[in-house]
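Residue indices begin at 1 and follow the sequence shown. Excluded from the calculations below are hydrogen atoms, water molecules and symmetry mates; all remaining heavy atoms, backbone and side chain alike, are included.
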Amino acid sequence: MRILHVLLAVLFLLLQGAAGQHGFPRPFDSCMAQNGRCFPGICRYPFFWIGTCSNGYSCCRKWVA
């Protein structure tokens with residue numbers, strides 16, 4: 001009977017935590033933080049390469065003069 005009370009308490013805490021979350025947190029996208037976009041392959045004009053995206057694509061930013 002004591003185990004049942006502990007299990008109910010743990011279940012209550014889990015439900016409390018799940019209710020407080022607003023969905024899944026998105027991973028930090030460093031390419032977007034640098035005003036870049038992810039492209040498969042190499043960056044073509046008018047974009048230039050600034051890094052690599054998390055999915056392996058090229059992180060490219062638009063050239064502004």
Item to check | In one Ile/Leu/Val/Met/Phe/Trp/Tyr side-chain cluster, 4.5 Å: Trp63, Ile50 | outcome: yes

Checklist entry - Where do Cys43 and Cys59 come nearest, in terms of heavy atoms and distance? => result SG-O, 4.1 Å

Next on the checklist: For the cysteine pair Cys38/Cys53, does the gap between the two SG atoms stay under 2.5 Å?
Outcome noted: yes

Checklist entry - For the residue pair Phe39 and Tyr57, what are the closest heavy atoms and their distance? => result O-CB, 3.2 Å

Checklist entry - Mind checking whether Phe47 and Arg61 have side chains closer than 4.5 Å, heavy atoms only? => result no

Next on the checklist: Between Lys62 and Pro46, is there a side-chain heavy-atom distance shorter than 4.5 Å?
Outcome noted: yes

Checklist outcome for this item: One should read off an interatomic distance between Trp49 CH2 and Ser58 OG, to the nearest 0.5 angstrom, of 7.5 Å

